[in-house]
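Note sheet for the following structure.
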Amino acid sequence: MMILGIVVFVVGLLVSIAWHELGHLSTAKLFGIRVPQYMVGFGPTIWSRKKGDTEYGIKAVPLGGYIRMIGMFPPGPDGRIEARSTSPWRGMIEDARAQSFEELQPGDDERLFYTRKPWKRVIVMFAGPFMNLVLAVAIFLGVMMTFGVQTQTTTVSKVSDCVTQASENRTKCAKGDPAAPAQAAGLKPGDKIVAFDGARVKDWSGLQDEIRANPGKDVTITVERDGKPVDLHAHLIKNQVSKTDGNGGYVEGKYVYAGFLGFTPATGIVQQSFDQSVQRMGDMMANGVESLVALPGKIPALWNATFGDAPREADSPMGVVGAARVGGEVFTLDIPPSQQIAMMLLLVAGFNLSLFLFNMLPLLPLDGGHIAGALWESLRRAFAKVLRRPDPGPFDVAKLMPVAYVVASVFICFTLLVLIADVVNPVKIS
């Protein structure tokens, strides 16, 4: 089953890459840009077929993909496509410019990428990451609304015997500890709380908010027990509790004083409404951005986990190899097949969300770097028009190629570090 899970993830990876490149391809053709190649993967070509102007194919290494557009960079100031320089930095610029005009054919003068208006170039470069975002959102919403997600429920799992402060981190009662309000009210494991002080309870997050907002208040709690409604009466007290993240979860090491009842909610697979799914998707987007910003700070811990004795953290950066391994482990878990499918779909959705966020970084050679170049060109031309100056012409993104090579080198080094970590000290799921 491990191998099957890896194969399923790799297929999902290839579909995601092909879907990304399809966004670039379709919009490029829409705007009349010639695209000689559409390839999924890198390395030797396994299969290809030419249709119209474009060769479509699959390559041996499923770690990415690309389309090749004619005229990605404008000619040099002298109008020449090729020139030679003894400067290594200048040579990089000239090589990039020459490669963008490879396979130039008669009639291509009107089909070059750089001749399109900046807004069209922005659409072409944004279309790839946008396709990943669309796929991620569709999968996330589909899984949450159809399969459901594991979440805390309003069913009671355990009732506390006494009142303890969260920072004490103890489960046993000490002499003199008062009885927990839930215990005193007669709440039992298995009870499903359906109403709080006369108001219907929808989910755990809302119930938790109501409990915490009413310290010192006498409330009526309606539970469903053995299929029948039972009213219980509790006096909520003010106690030190863990700070919440707004979604029913807790913030480690942070505490607040609020209303306290004293029970642990059970967890279960619960289908989400459209509104709940959208809210969770928004939280995932925010967490994804925060993780991307925090990525450089995680490198030391990743290095120590790879080459030292440090454990691999659960939120450690993970590459394609690590994600494929997790995909394999999903199919070995002792959970219903429907939940295995749901977890695999969520893994693929997370990969697509990461592709979107990563590609939107305004750095060459990423899509976001080309978008930034087109936006800068548009801004320059707008200022020139306002100031009645000559049109500065297309922004020469090729001049940024030395920076792009540096960025690419950093990415390659980081990818190698993650790859080694995924092999010698992988992230595992439970």
Side-chain angles (χ1 to χ4, degrees), residues 144 148-273 275-276 279-280 283 287 314-315 334-335 339 429-430:
M144 287 187 281
V149 294
Q150 183 167 303
T151 185
Q152 291 172 309
T153 68
T154 59
T155 299
V156 178
S157 172
K158 181 182 177 182
V159 178
S160 301
D161 292 325
C162 58
V163 177
T164 60
Q165 293 194 344
S167 61
E168 294 178 348
N169 195 26
R170 61 184 174 92
T171 56
K172 293 184 178 181
C173 297
K175 187 177 181 180
D177 287 340
Q183 179 77 14
L187 198 65
K188 296 180 179 181
D191 286 348
K192 181 180 180 181
I193 299 177
V194 295
F196 180 86
D197 212 24
R200 184 172 175 270
V201 172
K202 294 182 179 180
D203 54 35
W204 162 246
S205 181
L207 174 60
Q208 185 184 55
D209 290 342
E210 287 295 328
I211 293 171
R212 294 192 168 204
N214 291 284
K217 186 176 179 180
D218 292 318
V219 296
T220 298
I221 300 172
T222 304
V223 302
E224 186 178 286
R225 181 182 295 171
D226 298 327
K228 299 178 181 179
V230 177
D231 287 340
L232 304 175
H233 304 282
H235 176 75
L236 304 182
I237 65 168
K238 187 175 184 179
N239 188 33
Q240 185 197 66
V241 293
S242 296
K243 185 178 180 180
T244 63
D245 58 8
N247 297 311
Y250 300 107
V251 179
E252 187 176 355
K254 301 291 184 180
Y255 307 100
V256 295
Y257 281 89
F260 176 78
L261 182 56
F263 75 96
T264 303
T267 59
I269 304 299
V270 180
Q271 287 184 340
Q272 305 293 292
S273 67
D275 291 342
Q276 289 173 323
Q279 183 178 355
R280 282 180 175 269
D283 293 337
N287 291 336
D315 62 347
D334 186 19
I335 57 177
Q339 289 307 306
I429 58 175
S430 59

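Index from 1, following the sequence.
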Self-check item: Pair listing, disulfide bond (SG atoms under 2.5 Å apart) test, anchored in residues 157-186, at least two apart
Solution: Cys162-Cys173

Exercise. Hey, could you give me the OG1/CZ distance between Thr220 and Phe196, rounded to the nearest 0.5 Å?
Key: 9.5 Å

Self-check item: Leu187 backbone acceptor or donor facing Asp191 side chain under 3.5 Å
Solution: no

Quiz item: Mind checking whether Asp177 and Val163 have side chains closer than 4.5 Å, heavy atoms only?
Solution: no

Name every donor-acceptor pair, under 3.5 Å, that has one atom in a side chain of residues 255-269 and the other anywhere in the protein, sequence neighbours excluded.
none

Quiz item: For Lys217, which residues count as a salt bridge (Lys or Arg N to Asp or Glu O under 4.0 Å) partner, sequence neighbours excluded?
Solution: Asp197

Quiz item: Do we see a donor-acceptor contact under 3.5 Å between the side chains of Gln183 and Ser160?
Solution: no

Quiz prompt | Min side-chain heavy-atom separation Gln272-Thr151 under 4.5 Å | solution = yes

Exercise. Show your reasoning for whether side-chain contact (heavy atoms from CB on, under 4.5 Å) applies to Gln165 and Asn239.
Key: CA-CA 7 Å; Gln165 293 194 344; Asn239 188 33; 3.7 Å; yes

Quiz prompt | Residues Val159, Lys188; criterion side-chain contact (heavy atoms from CB on, under 4.5 Å); working and verdict | solution = CA-CA 7 Å; Val159 178; Lys188 296 180 179 181; 5.6 Å; no

Quiz prompt | Sub-4.5 Å side-chain heavy-atom contact between Val270 and Val149 | solution = no

Quiz item: Got a second to check how far Thr154's OG1 is from Glu224's CD, nearest 0.5 Å?
Solution: 9.0 Å

Quiz item: Taking all non-hydrogen atoms of both residues, which atom of Glu210 and which atom of Asn214 are closest, and how far apart?
Solution: O-ND2, 2.6 Å

Quiz item: Looking only at heavy atoms, which two atoms of Thr222 and Pro229 are closest? And how far apart?
Solution: CG2-CB, 4.4 Å

Practice problem: Dump the intermediate steps for side-chain contact (heavy atoms from CB on, under 4.5 Å) on Ile221 and Val223, then the final yes or no. | Solution: CA-CA 6 Å; Ile221 300 172; Val223 302; 4.0 Å; yes

Quiz prompt | Nearest atoms (heavy-atom pairs only) where Ser157 meets Pro189 | solution = O-CB, 3.6 Å

Quiz item: What is the minimum heavy-atom distance between His235 and Gly216, and which atoms define it?
Solution: CE1-O, 3.3 Å

Quiz item: In this structure, are over 12 heavy atoms from other groups packed under 6.0 Å from Asp226 atom CG?
Solution: no

Practice problem: Tell me, with the steps shown, if Gln271 and Met144 meet side-chain contact (heavy atoms from CB on, under 4.5 Å). | Solution: CA-CA 6 Å; Gln271 287 184 340; Met144 287 187 281; over 6 Å; no

Quiz item: Between CZ of Arg225 and NZ of Lys192, what distance do you get to the nearest 0.5 Å?
Solution: 15.0 Å

Quiz item: Do the non-hydrogen side-chain atoms of Val194 and Arg200 ever get within less than 4.5 Å of each other?
Solution: no

Quiz item: Does a side-chain heavy-atom distance below 4.5 Å link Trp204 with Thr153?
Solution: no

Quiz item: Is the backbone N or O of Ser273 less than 3.5 Å from a side-chain atom of Gln276, with the two atoms forming a donor-acceptor pair by type?
Solution: yes

Quiz prompt | Pairwise distance NZ(Lys202) to CG(Leu207) - rounded to 0.5 angstrom | solution = 13.5 Å

